[in-house]
2 protein chains.
Amino acid sequence: MDRRQKRTRRAIFDAFCSLLERKRYDHITVQDIIDEADVGRTTFYSHFETKDLLLDALCEELFCHIFEHDSCPFSGNDNDLEGKLSHILWHIRDSKKDIGVLISDSSDLFMGYFKRHLRAIFELHIDSFHINVPKDFLLNHLVGSFSDTVRWWMREGMKTPPERVAGYFMQMTEKH
Amino acid sequence: MDRRQKRTRRAIFDAFCSLLERKRYDHITVQDIIDEADVGRTTFYSHFETKDLLLDALCEELFCHIFEHDSCPFSGNDNDLEGKLSHILWHIRDSKKDIGVLISDSSDLFMGYFKRHLRAIFELHIDSFHINVPKDFLLNHLVGSFSDTVRWWMREGMKTPPERVAGYFMQMTEKH
DNA sequence: TTCGTTAAAGAACATTTTGTTCTGTAATTA
DNA sequence: TAATTACAGAACAAAATGTTCTTTAACGAA
């Protein structure tokens, strides 16, 4: 990839995140982004067809980091759901600004991505829950409540240690 | 209130809901709304300052119906959380289109209102949960998971009876 | 019914945003 | 060094925004 392309892409991502700290997603215009990133209008459109696709690309980039299972103190065995959740929380806390900005944004666009990835994880562990409710209800409940837990945790400034948050969450759901 | 005002307000609300069935909230323009409602541009702006405030007003109107506690087969005693949740689900199913459209919209603006009201209800019952997690964590978890349950239920076409959904939900959270 | 009030339509407007097309420049890679 | 390609900048038509004005007609109260 051309160095210039990488540089421009980075500038646009940074500008976008910076704007998200101050403005709601749907109030940010392409004009805002190119002003903040200081790139030409044509340059923006040659990289991203629309603002929504810019968000897509940014989410894609950030999620590689959150959901990869290497180089993490909690990447224990595959049956350790609590460990996996801790892992996710660790990564979110590490990649300070960017992800926080997206998660706390009131428009729910980012959460869709987050939930999609979460669903895949919970699906692997769904059989360890012994409770008499439909599987799809349970799965939805787990994904929804965990993503809201993350949101709560970030709003509170991520003061509670990741492992403890994961612990709270498991207490709410397991061993009925 | 002037009959003309009521008529116009209704037309704008209807147009807005109708558009939300087809388009995402942040892709809907004021122009779309006035075209669909067939009202003048000045008329729109004399009623609502911005598109966001139109959403505010609509949410306000819809929530009067959902969260009022009269005339409902499930309005049992005040300690009956499951009954209250059933109540809410009944009202959502009754007011067919409008609320469904708002809840299923991918932008999370409506959900903010919904959660705020839900929080008030769960707060009244928070002491009946005997579990060793912080109160604010628990409250957030309940509000988040129930609102996602509603969303799931609507996505599935509200086939499951309200009482059963409320039952599933209580199973997930009570009697640890 | 009459009459003062007021909501709404419509036109016109400046401004901003959008998305595209062009040309010239300069950074990059081979 | 030479060919390539990303970018800036300008210019553009189209759409959306938000405001101001005038005219029409529906309204509620007497």
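Note that this is a predicted model, so its numbers are computed, not measured. What's counted below: heavy atoms across the whole structure, side chains too, no hydrogens, waters or symmetry copies.
Atom NZ in A/K51 sits about 15 Å away from atom P in D/dA16, given to the nearest Å. Here the C1' atom of nucleotide D/dG18 and the CZ atom of B/F48 are 16 Å apart, to the nearest Å. Taking atom CG of residue B/D38 and atom C1' of nucleotide C/dA9, one finds them 10 Å apart after rounding to whole Å. Put simply, CD on B/Q31 is 15 Å from C1' on C/dT18, counting in whole angstrom units. Regarding A/Y45, its OH atom lies at a distance of 11 Å from the P atom of C/dT17, rounded to whole Å. Counting to the nearest Å, the C1' atom of C/dA30 and the CZ atom of A/R3 are 13 Å from each other. Atom CD1 of A/I34 is separated from atom C1' of C/dT20 by 13 Å (rounded to the nearest Å). Protein atom CZ of B/F44 is 17 Å distant from nucleotide atom P of C/dG10, rounded to whole Å.
Between A/Q5 and D/dA6 there is a side-chain polar atom (N or O) within less than 4.0 angstrom of OP1 or OP2. Between B/T43 and C/dA9 there is a side-chain polar atom (N or O) within less than 4.0 angstrom of OP1 or OP2. Here A/T42 does not reach the OP1 or OP2 of D/dA8: none of its side-chain N or O atoms lies under 4.0 Å away. Taking only side-chain nitrogens and oxygens, A/H47 comes nearer than 4.0 Å to OP1 or OP2 of D/dC7.
Residue B/M170 is grouped with residue B/L139 when hydrophobic side chains (ILVMFWY) are merged at heavy-atom distances under 4.5 angstrom, including chains of intermediate members.
If you check distances only, the side chain of A/R41 does reach the base of C/dG19 with a donor-acceptor pair under 3.5 Å.
Within a 6.0 Å sphere centred on CZ of A/R164, heavy atoms belonging to other residues, nucleotides or ligands number 12 at most.
For the pair A/W152 (side chain) and B/H141 (backbone), a donor-acceptor distance under 3.5 Å is absent.
At least one side-chain heavy atom of B/R22 sits less than 4.5 Å from a side-chain heavy atom of B/L19.
For the pair B/D32 and B/R4, nearest-nucleotide mapping onto DNA chain D gives the more 5' position to B/D32. Ranked by how close their nearest DNA chain C nucleotide is to the 5' end, B/T8 and A/D35 are led by B/T8. Nearest-nucleotide mapping onto DNA chain D: of B/D2 and B/V30, the residue sitting toward the 5' end is B/V30.
Of the residues listed (A/R155, A/E156, A/M154), the one engaging A/M158 in a side chain to side chain contact (heavy atoms under 4.5 Å, CB included) is A/M154, and it is the only one.
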